[in-house]
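Before any comments, here is the structure.
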Protein chains: 2
Amino acid sequence: MKTQVSNLYASYPKFLLSVDCIVFGFKENKLFCLLIKRNFEPEIGKWSLVGGFLNENENLNQCASRVVFDLTGLDKIYLEQLETYSEINRDWADRVVSVSYFALINLELFEMPSNTNYTAKWFEINEIPELIFDHNKMINNSLQNIRSKIGKFPIAFSLLSERFSLPKLQNVYEAILSESLDKRNFRKNMLASGLIKKLEEKDKTSSKKGAYLYSFNQ
Amino acid sequence: MKTQVSNLYASYPKFLLSVDCIVFGFKENKLFCLLIKRNFEPEIGKWSLVGGFLNENENLNQCASRVVFDLTGLDKIYLEQLETYSEINRDWADRVVSVSYFALINLELFEMPSNTNYTAKWFEINEIPELIFDHNKMINNSLQNIRSKIGKFPIAFSLLSERFSLPKLQNVYEAILSESLDKRNFRKNMLASGLIKKLEEKDKTSSKKGAYLYSFNQ
DNA sequence: GCAAAAGTGTTGATTGTACACCCATGT
DNA sequence: ACATGGGTGTACAATCAACACTTTTGC
């Protein structure tokens with residue numbers, strides 16, 4: 001079927017399509033973003049977002065998953081499409097239309113695999129260097145996006161392990177919003193939301209008393 | 001510069017890129033969506049969103065403006081990018097990645113120009129027929145989107161003339177949300193928002209008493 | 001004078017926000 | 001015993017939601 005009619009749109013131009021992923025991670029109570037040092041032209045040696053070109057045999061979501069997996073080895077992570085950037089000269093080498101995604105991954109136990117072909121590094125979110133093309137803008141837009149989402153949708157849990165304490169969860173919120181929250185009000189809201197389930201165990205890694213662990217409800 | 005390095009990405013595939021616009025209009029206290037009857041293959045004769053392919057010399061916003069202008073003759077309308085659809089077989093003729101946009105236009109005084117090459121028709125929002133490809137999904141997603149936006153951002157004014165009465169504005173909100181609102185609370189909120197400025201004149205077209213006209217503040 | 005739409009306030013409920021002390025434990 | 005982070009409740013403010021009658025005017 002496809003080949004029978006594939007000349008219908010023959011007169012229209014085609015474009016390179018890429019995804020650029022803003023990969024957020026959380027550790028040491030801070031929010032990080034994964035960047036790679038480009039080992040190819042143009043702008044070789046500069047830092048950039050995690051990106052790659054769309055293949056014929058995949059959709060954009062699959063492309064974003066693949067790109068993140070190739071770099072981190074993590075699959076089944078939280079990924080969401082954001083905006084599509086199409087300025088004519090945004091990439092100086094060629095016309096490329098790029099779809100931005102954000103990813104949330106848990107860094108508590110994660111170490112970057114060293115067997116990749118890339119130099120990758122986690123940057124604290126307010127220490128992002130100058131990036132290629134429009135990548136700084138992509139990060140800023142994605143930050144705005146997750147800030148507005150975190151109050152309405154349960155995305156923060158993707159940055160933590162399956163079991164987490166309430167103080168840790170609050171740290172995630174504070175890191176994303178970059179403001180400190182009231183402990184009592186935070187707990188009240190979280191518990192009232194019904195999103196979390198209290199467990200028996202305690203996490204004693206960050207206090208002598210220990211903090212009860214919770215898990216995310218479906 | 002561009003041509004010097006344009007072989008860097010030579011090994012990657014290229015794609016047809018289109019925009020599909022959900023063009024909303026408001027008249028007779030109802031929300032409408034503009035659809036066209038396709039006069040080209042595939043799916044000739046079926047209804048579809050207003051769409052077109054991206055050209056080399058434009059970005060996606062410009063493409064969306066052009067596509068809407070070609071059909072309605074209106075420029076400088078409110079346009080906003082939504083999602084990008086990339087399922088491999090979403091278009092049966094060829095692989096096409098499509099970026100959806102929504103547009104809001106004022107239909108009170110507008111008549112569709114008859115000199116276009118298309119058959120275009122306004123459909124009331126809950127009488128949308130079956131459309132080609134994933135266009136019904138696009139409309140549903142865009143509806144959700146503007147419903148969540150209308151309470152936070154001043155997008156409703158784009159559906160009305162420069163001067164409008166509060167009852168008319170309320171009708172816009174009710175049509176978009178498809179629920180009826182309390183008159184007193186609605187006015188209270190609108191006036192408190194500071195977004196509108198009361199004028200001296202009244203609109204007498206829909207009542208004997210007449211309703212004061214307001215204008216949108218920048 | 002009556003029908004039809006415009007305009008106008010108050011009350012109670014809910015939600016959000018600010019705030020300070022005791023608890024458990026490892027050292 | 002003390003330092004450290006975990007856990008708890010209350011009071012006030014702000015916002016939201018429900019509700020009914022009067023006004024204007026063209027016919």
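Here the structure is a predicted model, which is why all the values come from computation and not from measurement.
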Check: Which distance, rounded to the nearest 0.5 Å, do you find between the CE of B:Met138 and the CG of B:Asn145?
Finding: 13.5 Å
Check: Just checking, any donor-acceptor pair under 3.5 angstrom between side chains of A:Asn171 and A:Lys168?
Finding: no
Measure all distances between protein nitrogen or oxygen atoms and nitrogen or oxygen atoms of nucleotides 11-17 of chain C, and list the pairs falling under 3.5 Å.
| residue | atom | partner | partner atom | Å |
| --- | --- | --- | --- | --- |
| C:dT17 | O4 | A:Lys188 | NZ | 3.3 |

Next item on the list: Report the distance from atom CZ of A:Phe186 to atom P of D:dG5, rounded to the nearest whole Å.
Entry: 18 Å
Notebook entry, point to check: Rounded to the nearest Å, what distance is computed from the CE atom of residue B:Met190 to the P atom of nucleotide C:dT8?
Noted result: 16 Å
Note to self: To the nearest 0.5 Å, what is the distance between CG on A:Asn141 and CG on A:Leu82?
What the structure shows: 8.5 Å
Notebook entry, point to check: According to the salt bridge (Lys or Arg N to Asp or Glu O under 4.0 Å) rule, which pairs have a member within residues 15-31 of chain A, sequence neighbours left out?
Noted result: A:Asp20-A:Arg90
Margin query: Quick check on contacts: within residues 151-171 of chain B, what sits under 4.0 Å from DNA chain D by heavy-atom distance?
Written below: none
Checklist line | Sole residue of A:Leu143, A:Ile146, A:Ile150, A:Leu31 in side-chain contact (heavy atoms from CB on, under 4.5 Å) with A:Leu177 | finding: A:Ile150
Notebook entry, point to check: How long is the line joining NZ of B:Lys198 and C1' of C:dT8, in whole Å?
Noted result: 11 Å
Check: Listed by chain and number, what are the side-chain hydrogen bond (donor to acceptor under 3.5 Å, both in side chains) partners of B:Thr205, not counting sequence neighbours?
Finding: B:Asp203
Margin query: According to ring-ring contact (aromatic ring centres under 6.0 Å, His included), does anything in residues 181-208 of chain B pair up with another residue at least two apart or in another chain? List the pairs.
Written below: B:Tyr173-B:Phe186
Next item on the list: Could you name each residue pair satisfying salt bridge (Lys or Arg N to Asp or Glu O under 4.0 Å) that touches residues 64-89 of chain A, not counting sequence neighbours?
Entry: A:Glu58-A:Arg66, A:Glu80-A:Lys149
Note to self: For C:dA20, does the base pair up with any side-chain atom of A:Arg184 as donor and acceptor (N or O, under 3.5 Å, distance only)?
What the structure shows: yes
Every protein N/O within reach of nucleotides 25-27 of chain D N/O, cut-off under 3.5 Å:
| residue | atom | partner | partner atom | Å |
| --- | --- | --- | --- | --- |
| D:dG26 | OP1 | B:Lys204 | NZ | 3.4 |

Checklist line | Interatomic distance, B:Leu199 CG vs C:dA6 P [rounded to whole Å] | finding: 16 Å
Item checked: Residue pairs fulfilling side-chain hydrogen bond (donor to acceptor under 3.5 Å, both in side chains) with at least one residue in residues 153-166 of chain B, sequence neighbours excluded -> B:Asn106-B:Ser161, B:Arg163-B:Glu201
Checklist line | ring-ring contact (aromatic ring centres under 6.0 Å, His included) contacts touching residues 192-218 of chain A (sequence neighbours left out) | finding: A:Phe157-A:Phe216
Note to self: Check this for me: B:Lys202, atom NZ, are more than 12 non-hydrogen atoms of other residues, nucleotides or ligands nearer than 6.0 Å?
What the structure shows: yes
Next item on the list: Figure out the CG/C1' separation between A:Leu213 and D:dG6, and round it to whole Å.
Entry: 13 Å
Notebook entry, point to check: Tell me, which of residues 172-183 of chain B have any heavy atom that sits under 4.0 Å from an atom in DNA chain D?
Noted result: B:Asp182
Note to self: Going by the rule salt bridge (Lys or Arg N to Asp or Glu O under 4.0 Å), which residues pair with B:Glu124 if we only count those two or more places apart in sequence or in a different chain?
What the structure shows: none
Item checked: Listed partners of A:Arg38 passing salt bridge (Lys or Arg N to Asp or Glu O under 4.0 Å), at least two apart -> none
